[in-house]
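Presented below is the structure to which this report refers.
Counting convention: from 1, in listed order, for ligands and their atoms alike.
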Amino acid sequence: MTTPEEYRRRRQAMVRRQIAARGIGDPAVLAAMGEVPRERFVPESLAEFAYEDGPLPIAQGQTISQPYIVALMVEAAGVKPGDRVLEVGAGSGYAAAILSRIAGQVFAIERHEALAAEAAERLAALGYDNVRVIAGDGSGGLPAEAPFDAILVAAGGDRVPEPLKRQLAIGGRLVVPVGGEDAQTLRCITREGEEEWNEQSLGGVRFVPLVGAYGRGSVGWEEGSRAASNHRPARARSLPECIAAAAIPLPASEEDADFAAAFDRFADRRIVLLGEASHGTHEFYAARAAITRRFVKRHGFTIVATEADWPDAAVLDRYIRHRPLRDDTPPPFQRFPTWMWRNTVIARLVEDLHALNAGRPAERMAGFYGLDIYNMSGSIAAVLAYLDEHDPDAAAIARQRYGCLTPWQADPATYGRAALSGGYAECEAAVIAQCRELLDRALGSEDGEGLFGAAMNARLIASAERYYRVMYYGGAESWNLRDSHMAETLDHLLEQGGPDSRALVWAHNSHVGDARATEMGPVRGEHSLGQLVRERWGEECALIGFGTHTGTVTAASDWDAPRETKRVLPSRADSYERACHDSGVARFLLDLSDGGDEALRRRLAEPRLERFIGVIYRPETERWSHYSEAVLPDQFDAWCWFDQTRALEPLGPPEPREGPAETWPFGL
Ligand code: SAH
């Protein structure tokens, strides 16, 4: 049982890390956020997560907002003592509770009667007696109680409801999300005069839909203003048509020399980052291998840096760079998810790089490196083995969590299951000790490459240990540690390679893309490898994303679970993927960089959903587990599209663990 004292501690930490650190400075808002017990507003089974940095599911398929968003809205609305405030979309009543700590009188409307009743009960139990909860449609406001000094809307419509603007007092403010069904912009509208409103944007957000007379898709309220359709200019080109016009078609086979040649436009960059929309799609691997071969052969690239574990990649690198193989290191990539590196594409690439290096002087040889936190999969395996033995419940949770080591861990089912156990905290010290030991053992047998190797290892230990500690808890801190580590490792590789060295980076779209253009950045405070590289290298780097509409993928259902060939659902109607699919071009490259098509960039700049599949694919909860909002032309410099894709072909037995000594990749 978590004590009230512990909740208070977590609440203070939340105010510091999630609210104040992101620039909310209003002392009244910070005090209110520090006072209201959020654990009382979430379902009991989720109380453990009450102070995490995200929204949580509540009854009726609705959500309780992310604490930061509540604070942002309340601050933007400029709520002061004595104010009359209206909230539309009371849900759990949490935001109303925060408002009640600052304002004089709060009216909160909720269309779900059951939610409204529960919220009213909660607020009363906490003694917050200046809030009135009303069941009903609030999209048209609450005329009987108007005017209001502030109106907050916690659900997103496609336009600003006119009555809400008119129910503001002069000087009053309305904060409301407006936009598409899955992505909106938070707007702050100030009533400057009888007929004068001033508008400001507070950035991208995602709310549940505003349903009602003035809500999403409603038509009645167009009365009075002329219907928009009478006004439209001659039909503009649709987004898929714009994409089709700008697309550089790619050959049907990645083996075709014209395929990789299409990427030559980025060959003058110092760093070319190649993404992927899943960790198990053949075409993403084959395309990157073809580009890598060409860039190593013709354009002087000598660093192939991948989202792989350093020690495992080092084994392949020895072979690739014609260095003596060691017989005391275990075969590489033996741990889940083995297929990421044990597959037909990588096996061939290893041979090709080996052949390309033949006859080159050592310093001109292309090397293969792992950027990821030192031995991450080995460490996770050690954690799971320990927990399996000492606390099977915690082990089940850890598997769930590792399956979601992504920044948009938004799968309500995961939270639900995780909440069943006492948690991981009790085993933490033992687990860290276990990881530490594993690291010591592994490094004992690692000679690295002279001083460079030794220094690299020392750095690896330092960040790895911090990472183990925070990764179970998920969230921004662990993600940022990992991506900072990757960026630093890349910097070291470039430095060691000298001023003329050039690098190709293989990593998931979530790492390669600029986090500032996705939900990761502004709202969650997460950064990415691609962002860090861009901040440091500017025009000298190219971030290239990859995407697909449908097909099959090699993935698992859970961390450590057997790999499967899964069907990838056709992309959602509100996604970038669907716009690409509708272009009718089967494979193409889109240049989104400044030299590219400006009109297309503008059209693509309206936020849409984008699909991210990692080593885990959960089509049952696809929207929440795998889609996230992004602004594609800000996220990438180019976008490579394959409408239909197939599962990556793994090599070797499914997920080997113990078992006979293996010879991969050299015994093939
Ligand atoms: N402010 C809440 C967030 C709740 S989510 C919190 O802090 O937890 C938004 C809520 O808006 C949902 O509960 C949904 O049922 C409600 N809603 C949607 N359209 C509405 C409308 N027209 N009138 C009132 N409530 C609405």
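Which parts of ligand 1 touch Leu115 is read off a 4.0 Å heavy-atom cut-off, strictly below it: atoms 13 (O). Of all the atoms in ligand 1, the ones that sit under 4.0 Å from a non-hydrogen atom of Leu210 are 19 (N), 20 (C), 21 (C), 22 (N). Close approach of ligand 1 to Ser92 (heavy-atom distance below 4.0 Å) involves ligand atoms 6 (C), 8 (O). The distance from ligand 1 to the heavy atoms of Ser139 drops below 4.0 Å at these ligand atoms: 22 (N). With ligand atoms numbered from 1 in the order given, ligand 1 contributes 24 (C), 25 (N) to contacts under 4.0 Å with heavy atoms of Ile109.
Contacts between Ala96 and ligand 1, counted as non-hydrogen atom pairs separated by less than 4.0 Å, are absent for every part of the residue. Of the heavy atoms in Val208, only side-chain atoms (C-beta onward) come closer than 4.0 Å to ligand 1. Contacts of Ala155 with ligand 1, taken as heavy-atom pairs under 4.0 Å, involve the side chain alone.
Not a single heavy atom of Gly215 sits under 4.0 Å from any atom of ligand 1.
Between Glu39 and Arg11 there is a salt bridge, since at least one side-chain N of the basic residue sits less than 4.0 Å from a carboxylate O of the acidic one. A salt bridge links Arg166 to Glu195: one of the charged nitrogens lies within less than 4.0 Å of a carboxylate oxygen. At a threshold of 4.0 Å, the pair Glu145-Arg132 counts as salt-bridged, since one of the basic side-chain nitrogens sits closer than that to a carboxylate oxygen.
Across Glu87, Arg111, Met73, Arg38, heavy-atom proximity to atom 25 (N) of ligand 1 is greatest for Arg111.
Figure legend: cation-pi geometry between Arg101 and Tyr128, with NZ or CZ positioned under 6.0 Å from the six-membered ring centre and within 45° of its axis. Figure legend: Arg38 and Tyr51 shown without cation-pi pairing, the cationic atom not lying both under 6.0 angstrom from the six-membered ring centre and within 45 degrees of its axis.
Nearest to atom 7 (O) of ligand 1 among the protein's heavy atoms is Ala95 N, 3.2 Å.
With no hydrogens or angles considered, no side-chain donor-acceptor pair links Glu110 and Gln62 at under 3.5 Å.
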